[in-house]
Asks: 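I am attaching a structure below and will ask some questions about it afterwards.
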Amino acid sequence: MPSRRKFLRQTALAAGSGLLAAAWDAKQAIAQVAQSTSPQDHIVLSTWDFGLKANRKAMEILMSGGRLLDAVEEGVKVVEADPQSTSVGLNGYPDRDGYVTLDACIMDEEGNAGSVTYLQYIEHPVSVARLIMEKTPHVMLSGRGALRFALDHGFKMKKGLSPQAREAWEAWKKKTGYVPRPVSGDHDTIGLIARSADGKLAGACTTSGLAFKMHGRVGDSPIIGAGLYVDPLVGAATATGVGEYVIRICGSHTIVELMRQGVPPQQACLEALKRIVVRHKKLDNVQVGFLALHRTGAYGAYALRPGFQYALSVGASHELHAAPFMFDE
Ligand code: ASP
């Protein structure tokens with residue numbers, strides 16, 4: 001049995017060599033990013049086409065000298081409040097019992113984290129997650145406790161289940177005979193990761209989860225390390241798609257750890273997807289998409305299937321891109 005001291009020394013040596021590797025590979029990453037963006041620019045990266053409006057808001061805050069954490073929070077709040085969004089916020093599709101339950105998380109520039117799961121009746125779950133991070137000794141609150149915490153801090157209750165969502169739910173009940181199953185297109189999370197021009201990182205992730213999920217189901221989006229991960233010394237990653245697959249491989253954390261070892265962001269996203277593929281015999285209709293942002297500003301995206309779009313904002317430019325994918329359909 002190795003002595004405790006020896007064990008500690010070995011651990012420290014291993015950690016030290018990891019740091020050296022990260023420092024060396026950062027040079028490569030800087031060279032890579034120099035081709036497309038300047039590390040002096042603010043960079044915001046987010047999931048799906050609704051990411052564009054989130055990015056614009058986040059960038060507006062960054063460009064006017066605001067804090068990065070405010071930028072990521074206010075960015076995703078735009079989508080949470082959007083009446084057209086059927087997969088984020090209170091206008092999202094309900095679970096199979098007709099309740100809209102929300103999951104969200106946030107990580108700040110120092111790697112602090114806050115998260116809320118299974119929250120009902122609150123328009124901005126990401127802001128509740130932030131308060132949990134800032135005002136409590138905890139990382140995650142759930143359900144009734146989270147709601148009570150939100151109300152105690154001045155949040156107001158609002159009704160979920162918009163007429164549009166109710167209609168979709170009624171139709172789903174007739175069609176499927178009340179079986180919860182991931183339906184392609186009925187779920188899309190906003191995950192937003194950002195790097196300020198001074199090299200800080202932060203991120204936020206928020207969703208109403210899979211449409212018509214089982215009551216009480218929580219996906220990857222509020223799980224630190226699954227739907228979102230930020231390591232201020234390495235980079236950030238976020239996920240969208242069927243959360244169960246992301247949770248099983250700790251998706252976002254895996255990507256950040258790969259970047260720590262020098263794997264470029266896009267390759268890190270692909271490697272994480274490969275872990276999903278080797279573990280599951282059947283992946284019919286399952287979509288998962290990842291985004292990654294290295295602390296140097298290098299970024300990447302990858303999805304299991306076609307269709308995953310991401311919004312990229314660099315300084316004043318905002319663009320929607322199609323992510324590369326592993327399978328043709
Ligand atoms: N990841 C989300 C969840 O599983 C859904 C999505 O992003 O499409 O709840």
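Treat the numbers as computed from the prediction; the structure is a model and nothing was measured. Atoms within each ligand, like the ligands themselves, are counted from 1 in listed order.
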Asks: Going by heavy atoms, is Arg217 under 4.0 Å from ligand 1?
Replies: yes
Asks: If you measure every N/O of Asp188 against every N/O of ligand 1, is any gap under 3.5 Å?
Replies: yes
Asks: Could you check whether any side-chain N or O of Thr238 sits under 3.5 Å from a backbone N or O of Gly227, counting only pairs where one atom can act as donor and the other as acceptor?
Replies: yes
Asks: Would Asp103 count as being in polar contact with ligand 1, using the rule that some N or O on each side must be under 3.5 angstrom apart?
Replies: no
Asks: Does Asp152 have any salt bridge (charged side-chain N to carboxylate O under 4.0 Å, His left out) partners at least two apart in sequence or in another chain, and if so, which?
Replies: none
Asks: Go through ligand 1 atom by atom and flag the ones less than 4.0 Å from a non-hydrogen atom of Thr240.
Replies: 6 (C), 7 (O), 8 (O)
Asks: Please compare Gly209, Gly219, Gly92, Gly241 and report which has the shortest non-hydrogen distance to atom 5 (C) of ligand 1.
Replies: Gly241
Asks: Judged by modelled atom types alone, do His280 and Arg248 share a side-chain donor-acceptor pair under 3.5 Å?
Replies: yes
Asks: State whether Glu244 and Arg217 are salt-bridged, where the test is any N-O pair (Lys NZ or Arg NE/NH1/NH2 against Asp/Glu carboxylate O) under 4.0 Å.
Replies: yes
Asks: Could Glu80 and Lys77 be called an ion pair, given the rule that one side-chain N must be under 4.0 Å from one carboxylate O?
Replies: no
Asks: What are the atoms of ligand 1, with element, lying closer than 4.0 Å to any heavy atom of Ser221?
Replies: 1 (N), 2 (C)
Asks: Just how far is it from atom CG of Leu90 to atom OH of Tyr121, taken to the nearest 0.5 Å?
Replies: 10.0 Å
Asks: Side chain to side chain contact (heavy atoms under 4.5 Å, CB included) for Glu319 and Asn55? Distances and angles first, verdict last.
Replies: CA-CA 10 Å; Glu319 288 170 359; Asn55 284 15; over 6 Å; no
Asks: Against heavy atoms of Leu210, which atoms of ligand 1 measure under 4.0 Å?
Replies: 9 (O)
Asks: Nearest to atom 8 (O) of ligand 1, what protein heavy atom do you find, and at what distance?
Replies: His187 ND1, 2.6 Å
Asks: Which of the numbered atoms in ligand 1 are below 4.0 angstrom from a heavy atom of Asp220?
Replies: 1 (N), 2 (C), 3 (C), 4 (O)
Asks: What residue and atom, counting heavy atoms only, is the protein's closest point to atom 7 (O) of ligand 1, and at what distance?
Replies: Thr189 OG1, 2.5 Å
